[in-house]
There are 2 protein chains.
Amino acid sequence: MASHGARGRSGGRPTLEEVAARAGVGRGTVSRVINGSPRVSDATRAAVEAAVAELGYVPNTAARALAANRTDAIALVVPEPETRFFAEPYFSDMLKGVGSELSETEMQLLLIFAGSDRERQRLAQYLAAHRVDGVLLVSVHADDPLPDLLAQLEIPAVISGPRSAAETLPSVDSDNYGGARQAVEHLLSRGRSRIAHITGRRDVYGAQRRVDGYRAALSGAGHEVDETLIEGGDFTEEGGRRAMAALLERRPDVDAVFAASDVTAAGARQALREAGRRIPDDVALVGYDDSAIARHLDPPLTSVRQPIEEMGRRMIDLLLTEIADRRPLASRGLERRQLVLATELVPRSSS
Amino acid sequence: MASHGARGRSGGRPTLEEVAARAGVGRGTVSRVINGSPRVSDATRAAVEAAVAELGYVPNTAARALAANRTDAIALVVPEPETRFFAEPYFSDMLKGVGSELSETEMQLLLIFAGSDRERQRLAQYLAAHRVDGVLLVSVHADDPLPDLLAQLEIPAVISGPRSAAETLPSVDSDNYGGARQAVEHLLSRGRSRIAHITGRRDVYGAQRRVDGYRAALSGAGHEVDETLIEGGDFTEEGGRRAMAALLERRPDVDAVFAASDVTAAGARQALREAGRRIPDDVALVGYDDSAIARHLDPPLTSVRQPIEEMGRRMIDLLLTEIADRRPLASRGLERRQLVLATELVPRSSS
DNA sequence: AGGTACTGTGGGAGCGCTCCCACCAGTGAT
DNA sequence: ATCACTGGTGGGAGCGCTCCCACAGTACCT
């Protein structure tokens with residue numbers, strides 16, 4: 001029986017010490033080379049690098065994490081009960097951006113689900129254990145305690161979509177306000193004048209901003225905002241259908257609808273069909289997200305695209321900066337810490 | 001200046017040692033309690049647990065990993081260039097299953113992208129460093145070197161979808177053969193007789209199995225399999241369109257199509273529309289995956305649902321078993337190590 | 001000739017655990 | 001009484017790193 005943690009290692013993976021011996025230098029020097037310190041002579045560096053290559057040395061992260069008190073990992077926290085969020089392209093696109101940006105670094109990505117109470121409990125434990133250097137928070141609700149927990153634990157975090165206009169955390173968002181404006185202006189330019197809006201959940205700041213954009217576009221074009229043309233939705237298909245039905249009841253003269261999400265638009269479409277309205281002939285329809293649904297709806301749905309992959313990338317940038325900056329006593333301003341990226345209208349035949 | 005790794009700890013998180021002192025026991029005893037060893041008296045356990053609670057102790061994973069030579073983490077490797085895979089509900093559903101099953105344990109989930117060569121390089125390094133206890137491999141191609149690498153490093157792995165009939169790795173798959181049969185039998189029962197099949201990529205074993213199922217269903221019903229009704233696709237929309245166009249050219253009398261994926265079906269639908277064929281009146285259409293697209297297509301698409309979330313869960317089960325079993329010299333049979341889960345036909349108005 | 005100031009380098013200490021050996025009661029068999 | 005055992009426990013050693021102090025060597029002043 002070998003010494004102690006012997007499992008499965010036939011000869012064992014090489015350690016720093018072995019590399020040092022091989023290169024004829026000290027442990028500290030190898031560590032310096034591995035970590036790219038400039039205070040190493042070229043000759044020494046070359047010798048160490050050769051030894052590393054010969055031995056196939058790979059640093060042991062656990063040891064590094066223990067000694068250096070950092071983990072080289074960040075967590076993406078997914079509030080999963082929102083199945084909507086999870087199944088939408090939003091999620092995978094963001095992941096794509098996050099992944100691609102992260103692959104430029106040595107950082108690893110952990111996926112943590114914080115859906116159930118048990119999972120949130122576990123997450124709290126996990127964060128308390130400082131097992132990640134930073135956290136990416138997506139789709140956080142206004143009353144979520146998580147951001148405060150993170151602040152308290154002094155763990156750097158970036159949020160996608162501020163919780164309110166007074167958000168203190170670094171954030172990356174798309175221009176919900178501008179996107180909504182684009183959508184409505186597009187409908188106006190198509191000669192529509194009685195443009196309704198089916199909102200998202202009002203406790204989501206982004207949904208609120210879309211309402212603001214809707215209003216602004218109308219006002220900007222000299223129209224009065226008619227409150228009877230605004231109906232509350234919740235981002236779901238069923239919600240969209242109900243809202244559209246209510247709208248048709250109240251305002252049978254409606255000639256266009258801007259829905260706060262593609263899924264909502266799909267629901268609205270059903271209600272319109274059932275009421276015998278043709279799209280776009282009788283009522284034009286515009287969605288938001290430019291998801292797969294938009295392309296496959298009949299007729300294909302005009303929608304507002306958010307640069308989600310780009311948002312994922314930027315979130316990582318921001319987070320890595322936060323992590324790096326944690327050393328000098330933080331408290332720097334929010335200068336470049338809250339980003340808003342432009343949206344783009346994708347016209348299709350529904351409008 | 002404090003001792004050494006002093007960053008950010010105001011008083012510092014409690015350590016095992018502190019818990020031991022508080023409970024009036026030795027370090028080893030606390031470790032035993034934390035790890036649920038049975039060789040601890042009830043009184044001692046209670047004392048330790050109290051101390052843990054009072055101090056808010058959370059074990060330091062890095063230290064544990066270093067000492068015990070395990071990581072309590074598994075990786076989900078995503079061959080991301082397959083954007084298809086990534087954006088499809090397949091991915092998020094699987095993730096959901098994986099996450100829910102994992103949340104029963106202390107294991108953490110790492111997401112690793114192995115799209116570009118650089119990423120694969122990094123992955124190899126990562127695995128060589130034994131930074132995970134096990135690996136989940138999804139959507140692996142027949143010629144991927146990854147499984148061999150894993151075998152060589154003796155890292156437990158589970159694959160979703162065997163690479164061939166001779167797969168040696170533990171795997172969890174849905175019943176592609178049976179699912180295809182169901183689809184075709186459904187079409188037969190609807191009175192269709194000239195049923196075409198647009199295949200998936202032939203180098204994907206699951207696609208091959210669907211072809212087999214298609215054939216079997218026809219033969220089983222006493223029909224001869226007409227090779228001119230089988231057309232190669234590649235799981236993409238454009239591929240589906242092309243294949244359908246070719247099919248219509250060659251067999252204008254076709255009265256049903258079984259497509260190897262919903263996306264393929266969406267492409268086929270376009271080609272059918274362009275050719276003026278009505279669905280389902282002239283040609284019935286059945287897809288595979290039961291994705292969001294299926295529900296939102298016009299007309300809604302009959303499709304074969306795979307229990308993907310369940311598959312994710314089972315993969316985790318299998319992997320955890322593999323990890324636990326690694327101790328007794330492996331080499332146990334493949335008895336319960338290759339699972340095939342049942343599919344379900346979801347009829348909609350396209351057939 | 002003796003400072004002073006570097007740049008490079010070696011290696012001790014320590015990160016917080018797990019593992020295991022040693023040891024101390026009890027308990028039952030001899 | 002003596003000799004196994006057994007369940008329960010304490011604590012040394014060590015996992016593979018990073019950090020930092022100490023020190024050699026060289027270069028440039030006084």
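Just so it is clear, the model here is predicted, and its values are computed rather than measured. The chains referred to below are lettered A, B, ... by the order of the sequence lines, with proteins before strands, and numbering in each begins at 1.
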Extract from the structure each pairing of a protein N or O with an N or O of nucleotides 25-27 of chain C at less than 3.5 Å, listing the distance.
none

> Expressed in angstrom and rounded to an integer, what is the separation of Glu106(A) atom CD from dT18(D) atom P?
Replying inline: 12 Å

> Excluding sequence neighbours, so at least two apart, what forms side chain to side chain donor-acceptor pair (under 3.5 Å) with Ser171(A)?
Replying inline: none

> What residues, two or more places apart in sequence or in another chain, satisfy side chain to side chain donor-acceptor pair (under 3.5 Å) together with Ser41(B)?
Replying inline: Thr44(B)

For a quick test of your reading: what N or O donor-acceptor pairs under 3.5 Å do the side chains of residues 23-36 of chain A make, sequence neighbours left out?
unit_1: Ser31(A); atom_1: OG; unit_2: Asn35(A); atom_2: ND2; d: 3.4
unit_1: Asn35(A); atom_1: ND2; unit_2: Ser31(A); atom_2: O; d: 2.8

> Who are the salt bridge (Lys or Arg N to Asp or Glu O under 4.0 Å) partners of Glu49(B), not counting sequence neighbours?
Replying inline: none

>> I need the residues from residues 30-39 of chain B with at least one non-hydrogen atom less than 4.0 Å from DNA chain C; give them sorted by number, or say none.
In response: Ser31(B), Arg32(B), Asn35(B)

> Could you state the CG-C1' distance from Asn69(A) to dC19(D), rounded to the nearest angstrom?
Replying inline: 12 Å

> salt bridge (Lys or Arg N to Asp or Glu O under 4.0 Å) with Arg314(B): which residues, sequence neighbours excluded?
Replying inline: Glu310(B)

> Residues two or more places apart in sequence or in another chain: which of them pass salt bridge (Lys or Arg N to Asp or Glu O under 4.0 Å) with Asp72(B)?
Replying inline: Arg70(B)

> Of all residues at least two apart in sequence or in a different chain, which pass the salt bridge (Lys or Arg N to Asp or Glu O under 4.0 Å) check with Arg122(B)?
Replying inline: none

>> Taking the axis from the first five pairs and the axis from the last five, what angle separates them in the helix from dA1(C)-dT30(D) to dT30(C)-dA1(D), rounded to 10 degrees?
In response: 50°

Contacts under 3.5 angstrom, residues 53-67 of chain B side chains, donor-acceptor by atom type, not counting sequence neighbours:
unit_1: Glu54(B); atom_1: OE1; unit_2: Arg22(B); atom_2: NE; d: 2.7
unit_1: Glu54(B); atom_1: OE1; unit_2: Arg22(B); atom_2: NH2; d: 2.4
unit_1: Asn60(B); atom_1: OD1; unit_2: Ala62(B); atom_2: N; d: 2.8
unit_1: Asn60(B); atom_1: OD1; unit_2: Ala63(B); atom_2: N; d: 3.0
unit_1: Thr61(B); atom_1: OG1; unit_2: Arg131(A); atom_2: NE; d: 2.9

> With sequence neighbours excluded, what pairs up with Thr15(B) under the side chain to side chain donor-acceptor pair (under 3.5 Å) test?
Replying inline: none

